[in-house]
2 protein chains.
Amino acid sequence: MPTASETTAIPRYTIKNVSKKTGILPVTIRAWERRYEFLSPHRSENRYRMYSDSDVALLMWIKNRVDQGVSISTAINELHTLQNNGFIPEIKQEYQSAYPKPTGIPPAEYAARLYRAFKKSNEIEAAEIFAEARAAFTLPALLANVLIPTLTQIGEAWYRGEIDVAIEHFASKFIIGKLMHIFQTLPLRAKREFIIIGCAPDEFHEIGSLMLAILLRSQGYRIDYLGADIPLDDLVDFVESEKPAMVILSVTMQGAAKYVEIASQKIAALKKAPLFGYGGAIFISQPKLRLQVKGTYLGDSINSAVETIEKLFPGK
Amino acid sequence: MPTASETTAIPRYTIKNVSKKTGILPVTIRAWERRYEFLSPHRSENRYRMYSDSDVALLMWIKNRVDQGVSISTAINELHTLQNNGFIPEIKQEYQSAYPKPTGIPPAEYAARLYRAFKKSNEIEAAEIFAEARAAFTLPALLANVLIPTLTQIGEAWYRGEIDVAIEHFASKFIIGKLMHIFQTLPLRAKREFIIIGCAPDEFHEIGSLMLAILLRSQGYRIDYLGADIPLDDLVDFVESEKPAMVILSVTMQGAAKYVEIASQKIAALKKAPLFGYGGAIFISQPKLRLQVKGTYLGDSINSAVETIEKLFPGK
DNA sequence: CTATGATTATACAAAGATTATACATTATTC
DNA sequence: GAATAATGTATAATCTTTGTATAATCATAG
């Protein structure tokens, strides 16, 4: 269920289509690009210009101004001034199908392209590829088959010393931003149980928890995502006052396992105690640690976590 | 940071547009300028006169007087006298639809409403208020007058023990998500210098760096935002290979100041070394620490940081 | 191979802007 | 009433902007 601002960045119109939509001749559109650097449409393999919905929206805005008698150069200047203040033109979306539009390109191909874009720290390209993948796949497929493989590739390349850790940071910041936006713009139906999710202070782990939060919210659960670094007592207070049906914590590191253990006990001690779920790398590599924790182990992957939780709260 | 009165001073109309708006022939407007020094419109590169909304308002005022039978020379004298007494003609802004739509509600009111929504952990409400504020203010105003005050309120309420730290987390996760999305969707024109921004591993500080990243990107700088926890050597490697014009680091805690100190030295030692800027709470409370750092202190606030950087890279 | 459409580069004409000078009306002043 | 000043408009010469045209290539599908 892609939201407006994600699908609108997909390059999908040739210059002729844009011309039809806007009533501006192709030669004129090219002249504006050449003379005023107005729009930098994505170029497909054959060097053809491919415009996105937001490009079209910008063109329409400009056309309106010109129709009102403003010269093209001033109109473009105005637009730049507005954009510096964060202005984003209203986008008329022709077909905002709520369903994925398969492109025929396999997810692994998107993962590879994303990886290459990150390797070059090319944010523009990464954003384009992401938008395309977002539109082509369902949410679980996007996470499991595009983003996680991309992150895995990056992690491995870093381990082999092929890429700088700064690239890894750049990529995870980028993906966290996209995930947070998806999380925030998912429809809040709150039809199902209320779950609080927290995680360890670590980027890769924040990504995992966010993905879980997204998948659960998209299933209709009411999710509060708290991120990392919550002191135990405060977490317990929060749980006591908010009364969720479940609390989920996930950690990667050895030390944090102790934190999970204590949290599980404190939460179990509450009256009307919520369920407690946990997961994370450390519990995969050292399964014995699970014995200390009072709660449900969510499994070794995000998908297994979702499945486990769905079993805990059956019925829809 | 354009305010209402500043946007009306932006030169945006050619003489022909002004003529259409006012009904005064271009040749007449020029004669008035030549003979009575009435209006000194900004001249663009090509020496064309560019008039602002307030210029148009002044012309309309004059036209009214002339239509009432007053001669042009006396009308202009009248206007000058009035202006010396602080008179400002009413400005009719035609295209405000494209500009932020002021709701009349002051930013502080939005901050208070956001704070209340967070206190109830009501994400739906927070999202609605945020969207409204986003549409009502320019980007710099949104950050400085809505979001920062909200975060300050939350921080203070937490300090007084009035709210749970989980609320603070909820709020900062929410705001970070919104900020990341704004950052990622700002148009990437990359006309200006390339700057790399990193920050300390702390939520409130991540928010500050993200805000700086947003404001600089909206000013046309090319910004790579790396977030927190970058090992020093990797940062230096990245800087060496990417060759930015500037590197910015910001930290809050005592220990991290040492990190900044060493980073500044390592970066200064590079050939073709970029500028180094830094800031953060620790340098405000302990100004002596600045002496150890080879680079530019960016000042005590986000706005001063933007100003300092704009001074380092003048011209647009 | 051909038709269609995209790409770049160059060209050109129409519209608009600039300055300077000129000129016909109106007001004002003596 | 005549001389003078004020004021809107016109003209000419020059330069810039801007939409459109043309030509030579390249891409793709039938």
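Letters A, B, ... mirror the listed sequences (proteins, then strands); counts begin at 1. Everything quoted here is computed from the prediction, not taken from an experiment.
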Rounded distance in Å - NZ (Lys20(B)) to C1' (dA15(C)) = 12 Å
Are the ring centres of Phe174(A) and Phe118(A) closer than 6.0 Å?
-> yes
Do the numbers put Lys243(B) on top of the ring of Phe194(B), so that NZ or CZ is under 6.0 Å from the six-membered ring centre and no more than 45° off the axis?
-> no
Length of the CG-P vector between Asn77(B) and dA6(D), whole Å | 11 Å
For each nucleotide in nucleotides 15-30 of chain D, reading 5' to 3', give B when a protein heavy atom comes within less than 4.0 Å of its base, S when such contact involves only the sugar-phosphate, and - otherwise.
-> -BSBBB------BS--
Protein-nucleotide distance (Leu39(A), atom CG; dT7(C), atom C1'), rounded to Å | 17 Å
Closer than 4.0 Å, any side-chain N/O of Arg47(B) to the OP1 or OP2 of dT19(C)?
-> yes
Among Asn17(A), Thr14(A), Ile29(A), Thr22(A), find the residue that satisfies the side-chain contact (heavy atoms from CB on, under 4.5 Å) test when tested with Tyr51(A).
-> Ile29(A)
Heavy-atom side-chain contact between Phe130(A) and Val146(A) under 4.5 Å = no
Rounded interatomic separation in angstrom, taking CD1 from Ile29(A) and P from dT8(C) | 13 Å
For this output row, return yes or no: ring centroids of Phe137(A) and Tyr110(A) closer than 6.0 angstrom.
-> yes
Indicate whether OP1 or OP2 belonging to dT7(C) is found under 4.0 Å from a side-chain N or O atom of Arg30(A).
-> yes
Closest listed nucleotide, where the reference is the side chain of Arg43(B) and the choices are dT19(C), dA6(C), dA17(C) = dT19(C)
What orientation do Tyr225(B) and Phe183(B) show, parallel under 30°, tilted 30 to 60°, or perpendicular over 60°?
-> perpendicular
Integer-rounded Å distance: dG8(D) C1' and Glu33(B) CD = 16 Å
Figure out the OH/C1' separation between Tyr13(B) and dG16(C), and round it to whole Å.
-> 19 Å
